2 protein chains.
Amino acid sequence: MKIPIDDKLNSKNVKPTAMRELVLDVLIKQTTAISLSDLEQKFEKADKVTLYRTLKTFEENKIIHSIDDGSGSVKYAMCTDTCQCNPAELHVHFFCTMCQKTYCLNEIPVPSVSLPVNFDLQSINMVVKGICANCRR
Amino acid sequence: MKIPIDDKLNSKNVKPTAMRELVLDVLIKQTTAISLSDLEQKFEKADKVTLYRTLKTFEENKIIHSIDDGSGSVKYAMCTDTCQCNPAELHVHFFCTMCQKTYCLNEIPVPSVSLPVNFDLQSINMVVKGICANCRR
DNA sequence: AAAATTTATGCAATTAAGTTGCAAAGTTAT
DNA sequence: ATAACTTTGCAACTTAATTGCATAAATTTT
Ligand SMILES: [Mn+2]
Ligand SMILES: [Mn+2]
Ligand SMILES: [Zn+2]
Ligand SMILES: [Zn+2]
């Protein structure tokens, strides 16, 4: 199949199967994060569980990251090329209450917060809700 | 029943039924946020749906606020006396990955973020994950 | 006070997301 | 070619959240 897609998979040590190529192709083309059921609807006949496991595999291998945007279903989006998914490089996510789309605001890092004494930070999830630029106009 | 509890309910225009008094009493005593099923387990024989609707009523009337801490079940905690639940007074929440408890960090306001142009902010959910002071020692 | 109306509660059932078990199909190594 | 391992597809299950509806309780009207 397409060379850059296989390259991506190989570089993340994920074996490029037909299914994975198709899923990664869909993911790369997204401008906003998608859920498992969004993904399911992009295929005529693909099993939800296979898609589910494909997403899990991609996530484990840092091809994508998952986003809990509070909408009730977890969304997934591509990691940036340099992303190591560590706490220091977390970015803010934006959920549009009008179009229900979830955006990675890759340019906007999660601000640091000072916790009460003896509270240890592991990670932060920051989701801004509002109206996106597309819906705004 | 207890006067202060009924006062609280009345002040928020929620009719003080026996069930609501019991539920509010439990909520007031919590030091960390609790889920519907946590609440259910605090009663011998109480219907989950009644508890569910009680929480919804409390939330609508700003007696409590709900917290999506990413644990899979929504948590609830008392609003502060002065809370109007508007975006300006949102606070950070902390989820301990060891004891699974969710804390309201009422003293820590959610930091403001500057969004891309034409993105309108409605609210922010900021959940910090880590180890709490109790588990730390 | 009785009747009518509204509100709250309890039980059954449903929805939807996420997840697991297992067997069949496909792939890679010997 | 055989064995070992990986991936896929289907069925089934789990859990949180939610709805419908009938009964019970409280409030209002007559
Ligand atoms: Mn993202
Ligand atoms: Mn809180
Ligand atoms: Zn939008
Ligand atoms: Zn803890």
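Naming convention: chains lettered A, B, ... in sequence-line order (proteins, then strands); numbering from 1 in each chain. None of the values given here were measured: they were computed from a predicted structure.
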### Task
Would you check if there is a donor-acceptor pair between the side chains of B/S71 and B/Q100 at a distance under 3.5 Å?
no
### Message
Pairing donors with acceptors under 3.5 angstrom, does anything connect the side chains of A/K129 and B/S123?
### Response
no
Could you state the [atom1]-[atom2] distance from [X] to [N], rounded to the nearest angstrom?
X: B/D47; N: D/dA24; atom1: CG; atom2: P; value: 15 Å
X: B/Q100; N: D/dA16; atom1: CD; atom2: P; value: 13 Å
X: B/Q41; N: D/dT15; atom1: CD; atom2: P; value: 12 Å
X: B/L22; N: C/dG10; atom1: CG; atom2: P; value: 11 Å
X: A/K48; N: C/dG21; atom1: NZ; atom2: C1'; value: 16 Å
X: A/N13; N: C/dT28; atom1: CG; atom2: C1'; value: 16 Å
X: A/Y52; N: D/dT7; atom1: OH; atom2: P; value: 16 Å
X: A/K75; N: C/dG18; atom1: NZ; atom2: C1'; value: 15 Å

### Nucleotide of D/dT8, C/dA17, D/dT27 approaching A/T17 most closely (side-chain heavy atoms)
D/dT8
### Query
Below 4.0 angstrom from OP1 or OP2 of C/dT19, is there any side-chain N or O of A/K56?
yes
### Query
What orientation do B/H93 and B/H65 show, parallel under 30°, tilted 30 to 60°, or perpendicular over 60°?
tilted
### Task
Answer yes or no: are there more than 12 heavy-atom neighbours, outside B/K8 itself, under 6.0 Å from its atom NZ?
yes
### Query
Which is it for A/K42 and A/D38 under the salt bridge (charged side-chain N to carboxylate O under 4.0 Å, His left out) test, yes or no, and what are the steps along the way?
CA-CA 7 Å; A/K42 303 225 173 242; A/D38 292 337; over 6 Å; no
### Message
Once hydrogens and angles are ignored, does a donor-acceptor distance under 3.5 Å link the base of C/dG21 to the side chain of A/R53?
### Response
yes
### Query
Is A/S73 touching bases, backbone alone, or none of the nucleic acid, heavy atoms closer than 4.0 Å?
sugar-phosphate
### Query
Counting any heavy atom closer than 4.0 Å, what does B/K45 reach on the DNA or RNA strands: base, sugar-phosphate only, or nothing?
nothing
### Task
Take B/M19 and A/V49, find for each the nucleotide of DNA chain C with the closest heavy atom, and name the residue whose nucleotide sits nearer the 5' end.
B/M19
### Task
Report the residue (B/Y76 or B/K15) whose heavy-atom-nearest nucleotide on DNA chain D is the more 5′ of the two.
B/Y76
